[in-house]
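Just so it is clear, the structure is predicted and the values come from calculations on it, not from any experiment. We use all heavy atoms of the structure for the numbers below, so side chains are in, but hydrogens, waters and symmetry mates are not.
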Amino acid sequence: MAAVFLVTLYEYSPLFYITVVFVCFLVTSGLVLGWFGLGVPVILRNSEETESSARVLKKQMRQVKNPFGLEIPHPATASVTKGIALRPDCLEDCLLTCYWGCSVQKLHEALQKHIYCCRIKTPQALEDALYSEFLYRQQYFIKRNNKEEKYCQLPEDAQVVDFGPVPRSRYPLVALLTLADEEDREIYDIISMVAVIHIPDESYRLSCRILYQYLLLAQGQYHDLKQLFMSANSTAPSSSDTEERSTDRSLLEKAGLSEDEAELHEESSKDCVVCQNGSVNWVLLPCRHACLCDGCVKYFQQCPICRQFVQESFPLCSKKEQDEDESTHILPE
């Protein structure tokens, strides 16, 4: 019987091959077109299906008011020997306390103590948590909305010209902003801000900048305040700028600091980098690039600037706030 079947198969082999090819064609077509309940391949989906599949998680945000602001108005002139000018911008009366040569280990231990035991609401609370592991202390009273520059400098008898090679055991300067009025500490969720500032010296010439900013909450948490990277509409950087940026990045890596902090501030653009029409409103995480408008964000699973996969995103302002801003710019006829 088997021999008869094989002979028959041999005689009608062309028809057999045609049948096998036809069956394979039907199975392939069914898989592509979804006849068997499987998903349709991306290349055959329409734009609406692609949009829904590319949507990333929207991070839940909570709006809080930060009463503290601090910037370095003249970073090019700052040095350990000549001092540094700081410009606070606070919504309430505050105390600006500067600690020169603060211990790196003790500072991070103090931040952990803020979480588990003692809240850092006052300069004295931070000094107790640091066990006075700093070289020199200066303090200024800051009136609300007063942007007057405050000058901080080590005394001459301190005889400190640098803080040694990297990795260092001490930060050059740590600035603490706290609310001066005790009643204000009950109003704001953010009760203090710690800013770690690098100041160039003979052994480490990295340009002056704020390395870290920590916002300390009354509930016992603290948040690392990071800058957002906006799309730049300026021209390509010159060779000297490129060399300076690469040098700064390598120095930060040697110091064990975050590579993200090596990014220089760039002139920001309000236009979406994709459509060049809508206003930038969405921040992509974890890369922190703010480069997409409300219409384009739903089409991207990767950042269009750095190509990093987007895990979460959040809007800079809600749709209601956008509509209110647009209505304020409408002029009467």
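- Formation of a donor-acceptor pair under 3.5 Å by the H289 side chain with backbone atoms of C306 is not found in this model.
- Interatomic distance, M230 CE to I305 CD1, rounded to the nearest 0.5 Å: 9.0 Å.
- To the nearest 0.5 Å, atom CZ of residue R137 and atom CG of residue L130 are 11.5 Å apart.
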Report task. Please assess D162 against V80 for the test side chain to side chain contact (heavy atoms under 4.5 Å, CB included), listing each intermediate value before the final yes or no. Result -> CA-CA 7 Å; D162 62 56; V80 170; over 6 Å; no

Requested in this report: Check the pair L177 / C90 against side chain to side chain contact (heavy atoms under 4.5 Å, CB included), numbers first and verdict last.
Outcome: CA-CA 9 Å; L177 278 169; C90 303; 4.1 Å; yes

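- Side-chain contact between C152 and Y140 is present, with heavy atoms from C-beta onward closer than 4.5 Å.
- The shortest distance between side-chain heavy atoms of L216 and I190 does not fall below 4.5 Å.
- The two residues P73 and R87 come nearest to each other via the heavy atoms CB-NH2, 3.4 Å.
- Following chains of ILVMFWY side-chain contacts shorter than 4.5 Å, one cannot reach Y116 starting from I191, and the two form parts of different hydrophobic clusters.
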Query raised in the report: Could you walk me through whether R144 and D93 pass the side chain to side chain contact (heavy atoms under 4.5 Å, CB included) check?
Result: CA-CA 5 Å; R144 59 182 299 177; D93 293 347; 3.7 Å; yes

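- The shortest distance between side-chain heavy atoms of I115 and Y222 falls below 4.5 Å.
- Between the Q308 side chain and the Q302 main chain, no donor and acceptor come within less than 3.5 Å of each other.
- A chain of hydrophobic side-chain contacts below 4.5 Å, direct or via other Ile, Leu, Val, Met, Phe, Trp or Tyr residues, connects I187 to F68.
- Hydrophobic clustering of Ile, Leu, Val, Met, Phe, Trp and Tyr side chains at less than 4.5 Å, counting indirect connections, unites V64 with L215.
- Here the closest non-hydrogen pair linking A110 and A129 is CB-CB, 3.6 Å.
- With hydrogens and angles disregarded, no donor-acceptor distance shorter than 3.5 Å links the side chain of D271 to the backbone of N277.
- Going from atom CD1 of I142 over to atom CD of E148 covers 8.0 Å, rounded to the nearest 0.5 Å.
- Atom SG of residue C94 and atom CG of residue N146 lie 11.0 Å apart, to the nearest 0.5 angstrom.
- Shortest non-hydrogen contact noted between F163 and L135 is CE2-CD1, 3.8 Å.
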Query raised in the report: Which is it for W100 and V160 under the side chain to side chain contact (heavy atoms under 4.5 Å, CB included) test, yes or no, and what are the steps along the way?
Result: CA-CA 10 Å; W100 289 89; V160 176; over 6 Å; no

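- For the pair C291 and P304, the minimum side-chain heavy-atom distance is below 4.5 Å.
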Requested in this report: Dump the intermediate steps for side-chain hydrogen bond (donor to acceptor under 3.5 Å, both in side chains) on E127 and S132, then the final yes or no.
Outcome: CA-CA 5 Å; E127 292 164 20; S132 300; 5.9 Å; no

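- Side-chain heavy atoms closer than 4.5 Å link hydrophobic residues (I, L, V, M, F, W, Y) into clusters, and following such links, possibly through other members, connects L211 to F134.
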Report task. Under the salt bridge (Lys or Arg N to Asp or Glu O under 4.0 Å) rule, what do R170 and E133 come out as? Steps first, then yes or no, please. Result -> CA-CA 9 Å; R170 294 180 180 272; E133 287 289 334; 3.7 Å; yes

**Report entry** D201 and R168: CA distance, side-chain angles, deciding distance, salt bridge (Lys or Arg N to Asp or Glu O under 4.0 Å) verdict
**Finding:** CA-CA 13 Å; D201 54 34; R168 290 175 162 177; 2.7 Å; yes

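- Note that OG1 of T178 is 4.5 Å distant from CG of L95, once rounded to the nearest 0.5 Å.
- With values rounded to the nearest 0.5 angstrom, Q213 atom CD is found 6.5 Å from L70 atom CG.
- You'll find the side chain of V297 reaches within 4.5 Å of the side chain of L284, heavy atoms only.
- Residues P286 and F309 share a closest heavy-atom pair of CD-O, 3.8 Å.
- Looking at E71 and D89, their side chains never come closer than 4.5 Å, going by heavy atoms from C-beta outward.
- The shortest non-hydrogen separation linking Q139 to T97 is NE2-OG1, 3.0 Å.
- Linking ILVMFWY side-chain heavy atoms closer than 4.5 Å, directly or via other members, places I84 and V161 in two distinct hydrophobic clusters.
- No hydrogens or angles considered: a donor-acceptor pair under 3.5 Å links the side chains of E92 and Y188.
- Across every non-hydrogen atom of S203 and G164, the tightest pair is OG-O, 3.2 Å.
- For Q219, the CD atom sits in a packed shell: over 12 heavy atoms of surrounding residues, nucleotides or ligands are nearer than 6.0 Å.
- Remark: side-chain polar atoms of H114 are not paired, donor with acceptor, to backbone N or O of L126 under 3.5 angstrom.
- Using the six-membered ring where Trp is involved, Y214 and H108 have ring planes that are perpendicular, over 60° apart on the 30 and 60° scheme.
- Annotation: side chain of I72 is in contact with side chain of C208 (closest heavy-atom distance under 4.5 Å).
- Looking at heavy atoms from C-beta onward, I197 lies in side-chain contact with L86 at the 4.5 angstrom threshold.
- A donor-acceptor pair under 3.5 Å is formed between the side chain of N281 and the backbone N or O of C317.
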